[in-house]
Amino acid sequence: MAVIVAVVNRGSTPDEQHGPNLSGTSAMAVLTPAECPVRSTNPPSAPPLHKGDAVVFIEDVTYSDCTRVGTGKTVTKIWRLKNAGTVPWKGYSLRRLDVTQQADQCQTIPHVPIKDTQPGEMVDIQTVVTTPSKPGLCYVRFKMVDASGTVLFPGSRPINFQIIVDTP
């Protein structure tokens, strides 16, 4: 797994996409398991919302990219991030970018809360994922936002998960 250094949000709306075009379609209609992992492109450089704020992706604690999961299963996805800046994270969350969820997509909550995290600390962030009833690739992207919903890290790739949904 590659380490993503720096920021988790680029200040875009869900319609301003980098990487696969998922706007208005289900990820599984666009992507197949053969295309896993999806290669994300880097958005234009931009400073964080708060001077001194920074994040480092540490690891996928559960379900690394291209893990196979059966259809109709409920699993818990966990990412580990580090607050690498000088700004405490208070009221932060991950906001799902492709919030219009279709029946043939992996289902998650739209906002995943992040425990308050002091500079230098690591935090595990988890969400429950329900896989669809048909096989395919689930590619779901999140951006880090503050309590008001404002994007915190413009200029960075989203945090995502990519799982291959197979018949049991």
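For this chain, numbers begin at 1 and follow the sequence in order. The analysis underlying the following values was restricted to heavy atoms, covering all of them including side chains, and did not include hydrogens, waters or symmetry mates.
Within the structure, the salt bridge (charged side-chain N to carboxylate O under 4.0 Å, His left out) test picks out no pair touching residues 144-155 (sequence neighbours left out). Within the structure, side chain to side chain donor-acceptor pair (under 3.5 Å) pairs that include any residue of residues 107-116 comprise Arg96-Thr108 (at least two apart or interchain). Identified under the salt bridge (charged side-chain N to carboxylate O under 4.0 Å, His left out) test for residues 122-131, with sequence neighbours left out: Arg80-Asp124.
Pro110 pairs by the side-chain contact (heavy atoms from CB on, under 4.5 Å) definition with Val99, not counting sequence neighbours. Considering only residues two or more places apart in sequence or on other chains, Pro113 meets the side-chain contact (heavy atoms from CB on, under 4.5 Å) condition with Ile109. With sequence neighbours excluded, the residues satisfying side-chain contact (heavy atoms from CB on, under 4.5 Å) with Lys82 are Val56, Ile58, Met122.
Between Arg95 and Val151, the shortest heavy-atom contact is NH2-CG2, 3.6 Å. Counting all heavy atoms, side chain and backbone alike, Ile164 lies closest to Cys66 at CD1-O, 3.6 Å. Considering every non-hydrogen atom in both Val38 and Leu137, the closest pair reads CG2-CD2, 4.0 Å. Scanning all heavy atoms of the two residues, the minimum distance from Lys143 to Pro158 falls at CE-CG, 3.7 Å. A pairwise comparison of heavy atoms in Gly72 and Thr131 identifies N-OG1, 2.9 Å as the closest pair. Contact between Pro119 and Gly85 at its shortest, heavy atoms only, is CB-O, 3.0 Å.
Not one N or O on the side chain of Thr71 forms a donor-acceptor pair closer than 3.5 Å with the backbone of Pro135.
The shortest distance between side-chain heavy atoms of Phe142 and Val140 falls below 4.5 Å. Taking 4.5 Å as the limit, every side-chain heavy atom of Ile159 sits out of range of all side-chain heavy atoms of Ile125. Between Thr76 and Thr62 the shortest side-chain heavy-atom distance does not fall below 4.5 Å. Side-chain contact between Leu152 and His50 is present, with at least one heavy-atom pair separated by less than 4.5 Å. In this structure, Tyr92 and Val87 have side chains that are in contact, with non-hydrogen atoms separated by less than 4.5 Å. Side-chain contact between Cys106 and Pro132: present, with at least one pair of heavy atoms (C-beta onward) separated by less than 4.5 Å. Counting heavy atoms from C-beta on, the side chains of Lys73 and Val165 never come closer than 4.5 Å. Between Pro43 and Arg157, the closest side-chain pair of non-hydrogen atoms falls below 4.5 Å.
A donor-acceptor pair shorter than 3.5 Å can be found between the side chains of Thr130 and Thr74.
Note that CG of Asn160 is 10.0 Å distant from CG of Asp98, once rounded to the nearest 0.5 Å. In this structure, OG1 in Thr117 is found 11.0 Å from NZ in Lys90, a value given to the nearest 0.5 Å. Atom CG of residue Asp60 and atom OG1 of residue Thr67 lie 8.0 Å apart, to the nearest 0.5 angstrom. Taken to the nearest 0.5 Å, the OG1 atom of Thr127 stands 11.0 Å off from the NZ atom of Lys77. Interatomic distance, Gln126 CD to Trp79 CH2, rounded to the nearest 0.5 Å: 10.0 Å. With values rounded to the nearest 0.5 angstrom, Ile114 atom CD1 is found 6.5 Å from Leu81 atom CG.
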- Item | Worked verdict on Trp89 versus Met144 for side-chain contact (heavy atoms from CB on, under 4.5 Å) | CA-CA 10 Å; Trp89 295 349; Met144 193 180 284; 4.0 Å; yes
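In terms of hydrophobic clustering, with Ile, Leu, Val, Met, Phe, Trp and Tyr side chains grouped at heavy-atom distances under 4.5 Å, Val69 and Ile78 are assigned to different clusters.
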